[in-house]
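In this text, all values refer to a predicted model and were calculated from it rather than measured experimentally. All residue numbers in this chain count up from 1 along the given sequence.
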Amino acid sequence: MRLVYDAESGDGTLEVARSLGAIAVSRPWLGFAQARVDAAAMVSTPWTFMVDADERLTAELRAEIAALEPPADVLAYSAARMNFFCGRWIRGAGWWPDRLVRLFRTGRAVIDSRNAGSMESVHETWHVAGRCAPLQAPLEHDSYPTIRSYREKFARYTALEAKGLRGRSRFDAFVGAWLAVPLKALWLLIGRRGILDGWRGVYICVASACYTAAVRWKARTY
C-alpha cells in the first residue's frame with residue numbers, strides 16, 4: 001500500500017501519485033503533527049513507513065526493509081538521515097546521523113512535537129512504548145537545495161514556534177537565549193565538527209545557534 005497525504009496543493013501531486021498506483025488523499029492543512037497522525041490513521045498494512053516529500057529511500061535502505069524479519073518485541077525501527085545543504089551531505093553540526101523513527105507497527109506509535117495540539121506544531125517525532133531497533137542504511141533528506149530555501153524554512157519554523165510561546169516568553173529567557181548564541185555556535189563548529197563541512201557547515205552552525213534566540217525574539221514581537 002502506497003499512500004500519499006496531500007495538503008490541498010495545486011501542483012499536480014495527486015494526479016502524479018495516482019498515475020503511479022498510489023492511494024492519494026487531499027485534506028486541509030491542520031499542522032505538521034496532525035498531518036502525520038491523520039496520514040498514519042489511513043494505513044491498513046501491519047507496518048507503516050513514513051517519508052516526507054523531501055526525503056528519499058536509498059537503494060540500500062529499500063533492500064534492508066524488504067529483507068527485515070522483525071522480532072515480536074520490536075515495535076519500530078529508526079533510520080539515520082543524510083541531510084543535504086546546497087547540494088552537499090552535511091556530516092557535522094549535529095546533522096548526522098539525525099536518527100528518527102520512520103518504520104513502526106501500525107497504530108503503535110505516538111507523535112510528539114513542540115506546540116503540540118495546535119496548528120503551530122513543529123519538530124514532530126514518532127515514539128513507541130517499547131523496543132526500537134536501528135536500520136543500518138540511511139534515508140536521504142534534501143530540504144535545502146539553496147540558501148534561500150534554508151532561510152525560508154528557518155523563518156517559517158521560528159515563527160510557528162514563537163506563536164506557541166505568545167504570552168509565555170519571559171525576559172530572562174529572551175536574554176539568555178541571545179547570550180547563548182556564541183557558545184552554541186562554537187560548540188557546533190568545534191564540538192560537533194561543523195567546521196569540517198566548510199562554508200556550509202559554518203552557515204548551518206551559526207544559523208542553528210541563532211534559532212532559539214530568533215524564536216524568543218519573535219515571541220516577544222507578535
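- Once rounded to the nearest 0.5 Å, the distance linking CE of Met82 with OG1 of Thr58 reads 8.0 Å.
- Of the possible polar contacts, none joining the Arg88 side chain to the Asp197 backbone as a donor-acceptor pair under 3.5 Å is found.
- The existence of a salt bridge linking Arg114 and Glu120 is excluded, since no basic side-chain nitrogen approaches an acidic carboxylate oxygen closer than 4.0 Å.
- Transitive grouping of hydrophobic side chains (ILVMFWY, heavy atoms separated by less than 4.5 Å) brings Ile90 and Tyr157 into a common cluster.
- If you check the side chains of Asp6 and Ser9, you find a donor sitting under 3.5 Å from an acceptor.
- Between Arg105 atom CZ and Trp47 atom CH2 the span is 4.0 Å, to the nearest 0.5 Å.
- Glu60 contributes atom CD, which lies 13.0 Å from atom CG of Leu135 (distance to the nearest 0.5 angstrom).
- With Phe174 as the aromatic partner, Arg216 does not meet the cation-pi criteria of under 6.0 angstrom to the ring centre and within 45 degrees of the ring axis.
- For the pair Arg56 (side chain) and Glu140 (backbone), a donor-acceptor distance under 3.5 Å is absent.
- The cluster map of Ile, Leu, Val, Met, Phe, Trp and Tyr, joined by side-chain heavy atoms under 4.5 Å apart, puts Leu75 and Leu103 in different clusters.
- Linking Ile, Leu, Val, Met, Phe, Trp and Tyr whenever their side-chain heavy atoms come within less than 4.5 Å puts Leu179 and Trp217 in one cluster.
- Of the possible polar contacts, none joining the Ser121 side chain to the Asn115 backbone as a donor-acceptor pair under 3.5 Å is found.
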Test side chain to side chain contact (heavy atoms under 4.5 Å, CB included) applied to Val51 and Leu57, step by step: CA-CA 8 Å; Val51 60; Leu57 277 74; 4.2 Å; yes
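- By the neighbour-count criterion of 12 heavy atoms within 6.0 Å, atom CZ of Arg99 is densely surrounded, having more than that number from other residues, nucleotides or ligands.
- Distance CZ/Arg200 to CG/Leu196: 14.0 Å, rounded to 0.5 Å.
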Salt bridge (charged side-chain N to carboxylate O under 4.0 Å, His left out) evaluation trace for Arg81 with Glu55: CA-CA 9 Å; Arg81 294 198 304 178; Glu55 295 175 337; 2.7 Å; yes
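- The existence of a salt bridge linking Glu152 and Arg148 is confirmed by a sub-4.0 Å separation between a basic side-chain nitrogen and an acidic carboxylate oxygen.
- Scanning both residues, Met1 and Met42, for their nearest heavy atoms gives CE-O, 3.3 Å.
- Of all heavy-atom pairs spanning Gly201 and Leu189, the tightest one is O-CD2, 4.5 Å.
- Geometrically, Arg91 engages Trp89 in a cation-pi contact defined by less than 6.0 Å to the ring centre and at most 45° from the axis.
- The distance between the ring centers of Tyr211 and Phe154 falls below 6.0 angstrom.
- Closest approach of Ala17 to Ala24, counting heavy atoms only: CB-CB, 4.0 Å.
- Cluster annotation: Val206 is not connected to Trp187 through the hydrophobic network of ILVMFWY side chains, with a link wherever side-chain heavy atoms come within less than 4.5 Å.
- Of all the heavy atoms in Ser19 and Val16, the pair that sits closest is OG-O, 2.6 Å.
- Transitive grouping of hydrophobic side chains (ILVMFWY, heavy atoms separated by less than 4.5 Å) brings Ile204 and Val122 into a common cluster.
- Judged as a side chain to side chain donor-acceptor pair (under 3.5 Å), and not counting sequence neighbours, Arg62 has no contacts.
- No hydrogens or angles considered: nothing links the side chains of His123 and Thr125 as a donor-acceptor pair under 3.5 Å.
- Heavy-atom minimum distance, Ala93 versus Leu188: O-CD2, 3.8 Å.
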Test log, rule side chain to side chain contact (heavy atoms under 4.5 Å, CB included), inputs Phe84 and Ser143: CA-CA 7 Å; Phe84 288 80; Ser143 190; over 6 Å; no
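- Of the candidates Tyr77, Phe104, Phe49, Trp126 forms a ring pair (Phe, Tyr, Trp, His ring centres under 6.0 Å) with just one, namely Phe104.
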Donor-acceptor list for residues 28-40 side chains, cut-off 3.5 Å, not counting sequence neighbours:
from  : atom 1 : to     : atom 2 : distance (Å)
Gln34 : NE2    : Asp38  : OD1    : 2.8
Arg36 : NE     : Glu124 : OE2    : 3.1
Arg36 : NH1    : Asp52  : OD1    : 3.4
Arg36 : NH2    : Asp52  : OD1    : 2.9
Arg36 : NH2    : Asp52  : OD2    : 2.8
Arg36 : NH2    : Glu124 : OE2    : 3.4

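- Counting heavy atoms from C-beta on, the side chains of Leu165 and Val215 come closer than 4.5 Å.
- Between Tyr144 and Trp95, the gap from one ring centroid to the other is short of 6.0 Å.
- A distance of 10.5 Å separates OG1 in Thr158 from NZ in Lys163, rounded to the nearest 0.5 Å.
- For the residue pair Ser208/Lys184, the side-chain donor-acceptor check at 3.5 Å is not satisfied.
- When every heavy atom of Lys153 is checked against every heavy atom of Asp54, the shortest pair comes out as NZ-OD2, 4.0 Å.
- The distance from the CD1 atom of Ile23 to the CG atom of Leu3 is 6.5 Å, given to the nearest 0.5 Å.
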Intermediate values then yes/no, side chain to side chain contact (heavy atoms under 4.5 Å, CB included), His127 and Val101: CA-CA 7 Å; His127 299 280; Val101 170; over 6 Å; no
Leu61/Leu139 under side chain to side chain contact (heavy atoms under 4.5 Å, CB included): CA gap, chis, key distance, verdict: CA-CA 7 Å; Leu61 183 56; Leu139 181 71; 3.9 Å; yes
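- Side-chain atoms of Thr106 come within 3.5 Å of backbone N or O of Thr45 as a donor-acceptor pair.
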